[in-house]
**Student:** 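Below you will find the structure I want to go over with you.
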Amino acid sequence: MTEFFQSSLGMGWGWLVANLILILLIALPVMLSVAIVIYFDRKIWASMALRRGPNVVGPFGILQSFADALKVFLQETIIPSGANKGLFLIAPIITFTVALLSWAVIPFDQDMVLADINVGLLYIFAVSSLGVYGVMIAGWASNSKYPFFSALRAAAQMISYEVSIGFIIITVVMFTGSFNLNAIVEAQRGHGLGFINWYGFNLLLFPMAVMFLISSLAETARAPFDLTEAESELVAGYQTEYSSMAFALFWLGEYANVLLMCTLNALLFWGGWLPPVDWAPLYAIPGIFWLIFKISAFFFIFSWVKATVPRYRYDQLMRLGWKVFLPISLLWVFLVSGYLMLTRYGV
Amino acid sequence: MIQIFAFYLFASVVIASGAFTILARNPVHSVLWLILAFFNAAGLMILIGAEFIAMLLVIVYVGAVAVLFLFVVMMLDIDFAELRAGFMKNLPLGIALAAVLLAEMIFGIGAWQAGNIALGEHALNPARMGASNIEAVGELLYTRYIFLFEAAGLVLLVAMVGAIVLTHRKRAGVRPQNIASQVRRRPEEATRNTQPTVGEGVEL
């Protein structure tokens with residue numbers, strides 16, 4: 001497509017137009033799936049609590065998210081008089097933008113990726129570490145106590161779990177030998193016993209897969225790690241003072257982040273767009289459907305955890321991050337490098 | 001074309017946000033401008049083809065160091081009047097520092113204009129052509145500069161141990177949660193089934 005526009009519009013403009021279209025082709029489906037995923041989250045959560053969930057708007061209530069979006073769109077944006085107005089409005093924009101930025105390097109199928117850069121995984125890591133600013137700025141700019149507590153918690157929580165996520169990513173990168181996400185998925189082809197396309201099937205990497213799943217729950221501040229918006233202690237955390245579209249941007253950004261983390265789980269450990277088994281007929285299904293299937297499965301796990309696991313206490317959260325995950329992932333970096341040294345590179 | 005546009009965009013935003021970092025009245029705004037400066041500096045790194053350094057800049061400085069900065073600065077009790085009172089007192093020191101920096105900059109540019117000095121007999125290993133950033137950095141860092149690299153790691157380790165030693169103190173009278181003992185506890189140790197007769201109650 002880039003070539004088509006470059007031939008008709010010249011190099012620079014053609015590239016610009018083609019990339020704008022590609023960005024929209026990624027961002028709009030992501031937003032649409034966020035709306036659908038919010039509906040499914042509420043449905044799953046409701047069924048686990050033996051409730052019905054949204055069932056009024058549209059067939060089976062599937063249009064509930066769109067009705068909610070319309071509702072918040074028509075509401076008034078209330079800015080507290082004591083708030084720092086500029087930062088107060090920038091914060092949700094940061095959260096929302098950062099949540100969309102990472103999708104630029106996600107491969108949806110073989111070579112179906114907007115920016116196939118060789119530091120893809122580092123880019124995602126960098127962008128996801130920016131996500132905390134939206135929360136922190138919101139908490140401080142609201143000039144209110146509960147949002148401020150939430151901002152402090154968010155800062156500590158994100159930093160703690162990024163450390164272990166970094167080490168977990170390193171083990172995967174060592175197995176692959178590349179930070180490129182396409183290469184990581186490609187390296188999983190036939191990884192287990194010669195026909196299973198999963199890193200997670202590898203006994204050495206399976207504990208990392210479990211830890212990555214838990215860390216990604218903490219990184220997206222989902223239950224049981226949702227201390228930043230613990231409603232029993234902090235009203236609604238950093239979102240307390242927000243209303244209408246500003247609130248909706250937080251909401252959308254949060255779910256886009258959850259989807260991104262589900263995608264990362266699928267890409268890093270469970271074969272991404274590859275079918276689970278390296279068997280020719282399975283490749284007849286396009287890779288993007290395998291990826292979407294895996295993302296949905298992980299999202300179900302996320303909802304399941306949210307519905308069943310009680311919230312952690314703050315010191316327990318810190319203990320898990322620093323005293324359990326950090327040492328284990330650090331040890332695993334040694335183990336994996338030693339294993340690769342023995343088997344792949346020779347001593 | 002787009003590179004030149006991107007360069008001037010990033011460079012002007014770096015300079016502007018650097019200026020606002022010191023001009024902003026509110027320390028929190030200062031830190032946020034600083035973060036914007038870091039971020040755009042990473043953009044400049046990408047323009048010269050150092051994408052690995054750019055990502056590290058964002059991960060380490062924007063993602064971790066600046067978050068902790070902001071964490072501390074947000075909790076400051078800001079007294080604007082006091083801040084302004086200190087301005088006149090510190091002005092001579094500030095001017096002296098600025099003069100030193102200016103002199104060094106002039107010397108640096110002069111020396112650069114005069115041609116570079118020969119740094120020992122070993123020429124720097126040129127990075128392997130065609131290798132990606134990470135591979136080139138890794139090849140140099142783990143072969144030629146391995147001792148410097150390990151020394152840097154050691155310095156960081158000592159700093160970390162030092163920080164823990166300085167801040168860690170044993171507090172008396174606290175009962176921290178012992179998760180292992182909680183998990184080990186069985187129902188038989190904690191509960192008791194009794195059949196109390198009416199009017200007698202149970203012993204506790």
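Chain naming here is simple, since letters A, B, ... match the order of the sequence lines and numbering starts at 1 in each. Predicted model, so just to flag it, every value in this text is computed and none were measured. Heavy-atom basis, side chains included; hydrogens, waters and symmetry copies ignored.
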**Student:** Nearest 0.5 Å please: distance from the CD atom of B/E135 over to the OG atom of A/S178.
**Tutor:** 8.0 Å
**Student:** With a 4.5 Å limit on heavy-atom distance, are the side chains of A/Y123 and B/E51 in contact?
**Tutor:** no
**Student:** Check this for me: B/R185, atom CZ, are more than 12 non-hydrogen atoms of other residues, nucleotides or ligands nearer than 6.0 Å?
**Tutor:** no
**Student:** If you take all heavy atoms of B/G63 and A/S129, which pair is closest and at what distance?
**Tutor:** CA-OG, 3.6 Å
**Student:** Which bit of B/L56 is near chain A, if near means a heavy-atom gap under 4.5 Å: side chain, backbone, both or neither?
**Tutor:** neither
**Student:** Do other residues, nucleotides or ligands put more than 12 heavy atoms under 6.0 Å from the CG atom of B/L156?
**Tutor:** yes
**Student:** Is there a donor-acceptor pair under 3.5 Å between the side chain of A/Y133 and the backbone N or O of B/V62?
**Tutor:** yes
**Student:** Checking heavy atoms, do the side chain of B/A66, its backbone, both or neither come under 4.5 Å from chain A?
**Tutor:** both
**Student:** So what's closer than 4.5 Å to chain A heavy atoms on B/L57: side chain, backbone, both or neither?
**Tutor:** neither
**Student:** Who among A/L152, A/V119, A/L130 has the most heavy-atom pairs with chain B under 4.5 Å?
**Tutor:** A/L152
**Student:** Which pair of heavy atoms, one from A/M136 and one from B/F71, lies closest together, and at what distance?
**Tutor:** CE-N, 3.8 Å
**Student:** Near A/Y146 OH, under 6.0 Å, is it more than 12 heavy atoms from other residues, nucleotides or ligands?
**Tutor:** no
**Student:** Has A/F149 got more than 12 heavy atoms of other residues, nucleotides or ligands less than 6.0 Å from its CZ?
**Tutor:** no
**Student:** To the nearest 0.5 Å, tell me how far B/I46 CD1 sits from A/I117 CD1.
**Tutor:** 7.5 Å
**Student:** Indicate the atoms forming the closest heavy-atom contact of B/V58 with A/A126, along with that distance.
**Tutor:** CG1-CB, 3.6 Å
**Student:** Does OH in B/Y61 sit with more than 12 non-hydrogen atoms of other residues, nucleotides or ligands closer than 6.0 Å?
**Tutor:** no
**Student:** With a 4.5 angstrom heavy-atom cut-off, which part of B/I134 approaches chain A: side chain, backbone, both or neither?
**Tutor:** side chain
**Student:** If you measure from CD on A/E162 to CD1 on B/I59, what distance do you get to the nearest 0.5 Å?
**Tutor:** 8.5 Å
**Student:** Does B/F39, at its CZ atom, have more than 12 non-hydrogen atoms belonging to other residues, nucleotides or ligands within less than 6.0 Å?
**Tutor:** no
**Student:** Distance alone, cut at 3.5 Å: any donor-acceptor contact between the side chains of B/Q177 and A/R313?
**Tutor:** yes
**Student:** Rounded to the nearest 0.5 Å, what's the gap from CD1 on A/I137 to CE on B/M74? Could you check?
**Tutor:** 9.5 Å
